[in-house]
J.: 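A single structure is presented below for examination.
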Amino acid sequence: MSFRITDKVAWVGKIDWELRRFHGDEYSTHRGSSYNSYLIKDKKNVLIDTVWTPFAKEFVENLRKEIDLEKIDYIIVNHSEVDHSGALPLLLKEIPNTPVYCTANGAKMLKAHYHENWNFKEVKTGDTLDIGGSKLTFVEARMLHWPDTMFTYMSGENILFSNDAFGQHYASELMYNDLVDNAELYQEAIKYYANILTPFSSFVAKKIEEVLSFKLPLDIIAPSHGIIWRDNPVQIVEKYMEWAKDYQENQVAIVYDTMWNATRRMAEAIAEGIRSADKTVAVKLFNAAHSDKNDIITEIFKSKAVLFGSSTVNKSIMHATGGLLDMIKGIGFKNKKAAAFGSYGWSGESLAILNERLNAAKLEVVSEGIKELWNPDKEAIERCVRFGADFAGRL
Ligand code: FEO
């Protein structure tokens, strides 16, 4: 499959409908993904990014149908991660001397991945490449989301090739934002931001402000995953600015794991208490062991507060809650309030451990939390309802 985006630019990537896990098992891709590669035919011919390694052979064979490979003048690598650079070794066996444009970090990382001394041309922000009618301008986008990342802007066609930024793990043959289901599109876009870009939000805001200050005309944003933004592309830029500034909605997430349902009953009673105090807040409950971890992270990203609950097991907390707390610490959410709860039988360490982990993740713990012995009775449930109402009052 390939298709024309403008007279000069064609999509020559791969739609991966089967993909269900990305970055090992770290990221769920319920709707598959795509690896977007772009071929520009101007006075010079340019390839921007490639596809993930398992599709290298298919990619090179398809590319050969679009262009005599010898006629590719330049290859641009906006980002060295293998989902975009994976076909380079095979392609460069065919056209070994073709210049590879990337940042200095990009060249280092490509060498470290593939141990090849390709014809690297290192570029910095503001460097340009004249390709005939159009000009390509490079913009380093360090930590969006790797140190090597850059954007490439094509004048004339007014296209920003943004690599991972503004992308989504979303397979669709329709390929454009005005053609796909926008609820699905935004769900995948916010999940991508929440799970992959949140740690780099300060870089995101600064980079967007810098790019906007260039006042470049922008007709299309062509990311390296998912659909292409051609209908009002600035809409996703504006969303990124909102998401980058400690985003939150009027929502509280309650995340728990439970052995014999005592902690689940506490979670439901706390939810009832929050709702009794504030009828406008959306309260969402997630059993950490039964729910997709990246979907939970997305819901926490959207929340102004999060409650974590776990039974005590072996003087500790249950493993699904522990794994999520590690993820949250790494992601580094800001401006989120938190509290802990849990049931116990004898020693009851879970509450203190949850509090310690929430503090370590730099969430703002607003209460000491609540723990209940064995199966909560009527009075215990009422305490949890009151705890929920009190928590809502602290938000
Ligand atoms: Fe889609 Fe960071 O690679």
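Read the numbers this way: they start at 1 and go in the same order the structure lists the ligands and their atoms. Sequence positions, counted from 1, serve as the residue numbers for this chain. Heavy-atom basis, side chains included; hydrogens, waters and symmetry copies ignored.
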J.: Rounded to 10°, how many degrees is the angle NE2/H225-atom 1 (Fe) of ligand 1-OD1/D164?
T.: 90°

J.: Are S155 and T137 close enough that some pair of their side-chain heavy atoms sits under 4.5 Å apart?
T.: no

J.: With respect to atom 2 (Fe) of ligand 1, what is the nearest N, O or S atom of E81?
T.: OE1

J.: Start with the C-alpha gap between E349 and K315, add the side-chain angles, then the distance that decides, and say whether salt bridge (charged side-chain N to carboxylate O under 4.0 Å, His left out) holds.
T.: CA-CA 5 Å; E349 287 88 347; K315 299 184 182 172; 5.4 Å; no

J.: May I ask you to check if K207 and F203 form a cation-pi contact, with NZ or CZ under 6.0 angstrom from the six-membered ring centre and within 45° of the axis?
T.: no

J.: Are S28 and R21 packed together at the side-chain level, in the sense that at least one heavy-atom pair is separated by less than 4.5 angstrom?
T.: yes

J.: Between N177 and P233 (side chain of the first, backbone of the second, donor and acceptor by atom type, cut-off under 3.5 Å), is there such a pair?
T.: no

J.: For atom 2 (Fe) of ligand 1, find the closest N/O/S atom on H79 and give its atom name.
T.: NE2

J.: Indicate if the distance from atom 2 (Fe) of ligand 1 to the nearest N, O or S atom of H84 falls below 2.8 Å.
T.: no

J.: Could you confirm whether D83 has any N/O/S atom lying under 2.8 Å from atom 2 (Fe) of ligand 1?
T.: no

